[in-house]
Amino acid sequence: MKILQRDIPPRACWALEQAGIHPLLARLYAARGVQSKEELDDGLAHLLPPHTLKGAQEAAQLLADAIAANLSLCIVADYDCDGATACAVALRGLRALGATRVDYLVPDRVIDGYGLTAPIAERVKAMGADVLITVDNGIASMEGVARARELSLQVLITDHHLPAADTPNAQVIVNPNQLGCDFASKSMAGVGVMFYVLLALRAELRRRGAYADRPQPKLDDLLPLVALGTVADVVKLDENNRRLVAQGLKRIRAGAMPAGVEALFRAAVRDARKATTFDFGFALGPRINAAGRLSDMTVGIECLVTDDPGRADELAKLLDSINRERRDIEGGMREQAFAIAETLFEEGQAAPSAISVFDPDFHEGVVGIVASRIKDKLHRPTFVFAASAAPGREDELKGSGRSIPGFHLRDALDLVAKRHPGVLLKFGGHAMAAGCSIPRAHFETFSQALAQVADEWLDAATLTRRLDTDGPLAPEYRRTDVVDTLHREVWGQGFAPPTFSEELEIVSQRLVGEKHLALKLKHQGDAVDGIWFGHTEPLPKRVKLAFRLDADEWQGVRRVRFLVEGAEL
């Protein structure tokens, strides 16, 4: 691992300090490209206007007409946290804006697969729907949309995934990444896209005089769900996304949140009054995702939609139980996947440029998590495959991939598909995460083809794990109040949480729980505790460490500790 220090533009840092920003935060923000205090203003008035999102106005008109005609609306969701929160936002928002006939359908990961398929369109029609609305999917659903149109359904696609050259023949498509869309935030999650459609719909209803004699509905009550889905989907936290997340966190900390979100905080034993982006990404998000991986995402959606605290608690506890089962399954799969991956190269040699792993006993609901673990360990683009459990598709493998910076996973799959027709049955995704289905007989062909693309696209520098940090930590900032200040800010993908680095003395080290390294460190002459979760190898007496700040409480006393992220050995 190579530990690097981010550049800190002195002019931007000085300007932020002069504007009253905490000196440490000014340094951190400047290193992440922030140049003025105005960029940090998270007020709703500074959100990008909905009319700049291509298709939002047309979607608003379609939905306003449907509400006026009392048509039946059906939301086709996705089975991850972004899809679940987007569905909940759509249900709550449409009902608040006057829709009285709104239902939803969420595909089964195993039986239906991803996206709007022709059979799902038929099920939507059988439910009596007039309008089909996708959330967090649909941009690649050519056949599903075509079938829906044959059935006389109006189709509104809301999605954020990268489109192919051809897009479905829907009445309206709202996707910041579609051709011709000038919306400045290309990184919105599916839940953010749906929220923007609702903003546009409210404006359209207001234009039609719907609120001439009554207050317009408040949509900011939906922001806790928007924030949760945005962080859980690991999209880039650009300026607009940071505002959405910040607004959601403010409401949660103030106790203004859906009953299900509050219940999930309790189930995860997290304090909602001190909610952070970490809670979204590592506590609430995984519990909702677990339903889609092992069970039925209806459980997650119902938890986010109910206003009954007792029902919310019941569903949150069920999600917590499913997540525990997911962790057990993942643990066994992870060990087996690591063992398979390690057979792909000799000890002491570099791993292949890309890694593909398959075992007949793998569970398809957990392949994405395991791919992420291998990617983290070996720093290679990784796909993990499981045999499809869908009836009639026993000869197919379903894979989930995770990538490293510099390797666009979806583009790589596109190239594999062009070079090897028939190997990929379907695929889609982003730069850093993607999914695909392949015939079982073509696993080796896929594996070699992906590795070939990686050999062509990646060089030694890209294949070397690097950790960008914020450099040394001044001892005056090694305080619990500074820890609390940092935790309150919005950090995440593309706006990395503060990570410091410097050479430290290892005073003592010991294993705890057989898989974590507890450390006694000397930081600029002072003793400080540290821990490296998931690491068991001993460290030398002096070593350059990358670490985050945390506060540990023991017998009522809070002390700063370092959470080690990596070492340059």
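Position 1 is the first residue of the sequence, and the numbers go up from there.
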With sequence neighbours left out, what residues match Arg311 under salt bridge (Lys or Arg N to Asp or Glu O under 4.0 Å)? Glu314
With the side chain counted from C-beta on, respond yes when Phe446 and Ser356 share a heavy-atom pair under 4.5 Å apart, and no when they do not. yes
Using side chain to side chain donor-acceptor pair (under 3.5 Å) as the criterion, list what pairs up with Arg324, not counting sequence neighbours. Asp320
Does this structure show an ion pair linking Asp414 with Lys418, if we count only N-O contacts that are shorter than 4.0 Å? yes
Stacked cation flag Lys54 on Phe183, 6.0 angstrom / 45 deg: no
Side chains of residues 155-166: which donor-acceptor partners sit under 3.5 Å, not counting sequence neighbours?
| from | atom 1 | to | atom 2 | distance (Å) |
| --- | --- | --- | --- | --- |
| Thr158 | OG1 | Thr134 | O | 2.5 |
| Asp159 | OD1 | Asn137 | N | 3.4 |
| Asp159 | OD1 | His161 | N | 3.3 |
| Asp159 | OD1 | His161 | ND1 | 2.7 |
| Asp159 | OD2 | Gly138 | N | 3.3 |
| Asp159 | OD2 | Ile139 | N | 3.0 |
| His160 | ND1 | Met188 | O | 3.1 |
| His160 | NE2 | Asp82 | OD2 | 3.3 |
| His160 | NE2 | Asp136 | OD1 | 2.9 |
| His160 | NE2 | Asp233 | OD2 | 3.4 |
| His161 | ND1 | Tyr114 | OH | 3.2 |

Can you tell if the side chain of Phe407 reaches within under 4.5 Å of the side chain of Arg380, non-hydrogen atoms only? no
Starting from the C-alpha separation in whole Å, work towards a yes-or-no answer on ring-ring contact (aromatic ring centres under 6.0 Å, His included) for Phe358 and Phe383. CA-CA 9 Å; Phe358 163 65; Phe383 259 90; over 10 Å; no
Please tell me if the side chains of Val366 and Leu294 come closer than 4.5 Å, counting only heavy atoms from C-beta onward. yes
Is the closest side-chain heavy-atom distance between Met432 and Arg402 below 4.5 Å? no
By the salt bridge (charged side-chain N to carboxylate O under 4.0 Å, His left out) test, which pairs, at least two apart or in different chains, include something from residues 179-202? none
Correct closest heavy-atom pair for Ser353 and Leu458 would be O-CD1, 3.9 Å
One thing to verify: whether Glu122 and Lys125 come together as a salt bridge, which I'm taking to mean a side-chain N less than 4.0 angstrom from a carboxylate O. no
Student check: side-chain heavy atoms of Arg251 and Met257 closer than 4.5 Å: no
Side chain proximity check, Met297 to Ile288, heavy atoms < 4.5 angstrom: yes
Closest non-hydrogen contact found for Leu153 with Val131 is CD2-N, 4.3 Å
Counterpart residues, ring pair (Phe, Tyr, Trp, His ring centres under 6.0 Å), relative to Phe278 (two or more places apart): Phe282
Heavy-atom pair of closest approach, residues Glu396 and Ser437: OE1-CB, 4.3 Å
Heavy-atom distance under 4.5 Å between the side chains of Val106 and Asp296, does that happen here? yes
Looking at residues at least two apart in the chain, or sitting in another chain, which of them share a side chain to side chain donor-acceptor pair (under 3.5 Å) with Gln336? Asp359
Using 4.0 Å as the upper bound for N to carboxylate O, is an ion pair formed by Asp238 and Arg243? no
Residue list, side chain to side chain donor-acceptor pair (under 3.5 Å) with Asp308, at least two apart or on another chain: none
Taking only residues at least two apart or on different chains, which pairs with a member in residues 434-457 satisfy salt bridge (charged side-chain N to carboxylate O under 4.0 Å, His left out)? Arg419-Glu456
Does Arg410 make a cation-pi contact with Phe427 (under 6.0 Å, within 45 degrees of the axis)? no
With a 4.0 Å cut-off on N to O distance, would you call Glu342 and Lys377 a salt bridge? yes
Less than 4.0 angstrom from a charged side-chain N to a carboxylate O is my criterion; do Arg207 and Glu204 meet it? yes
Which residue pairs pass the salt bridge (charged side-chain N to carboxylate O under 4.0 Å, His left out) test with at least one member in residues 83-105, sequence neighbours excluded? Arg92-Asp307
Among all residues two or more places apart in sequence or in another chain, which pass the side chain to side chain donor-acceptor pair (under 3.5 Å) test with Ser388? none
What side-chain hydrogen bond (donor to acceptor under 3.5 Å, both in side chains) pairs are there with at least one residue in residues 167-176, not counting sequence neighbours? none
Quick note, salt bridge (charged side-chain N to carboxylate O under 4.0 Å, His left out) partners involving residues 55-65, not counting sequence neighbours, are Asp65-Arg208
Can you say whether the rings of Phe443 and Phe385 are parallel (under 30°), tilted (30 to 60°) or perpendicular (over 60°)? perpendicular
Less than 3.5 Å apart, any donor N or O on the side chain of Arg293 or Ser295 sitting next to an acceptor on the other? no
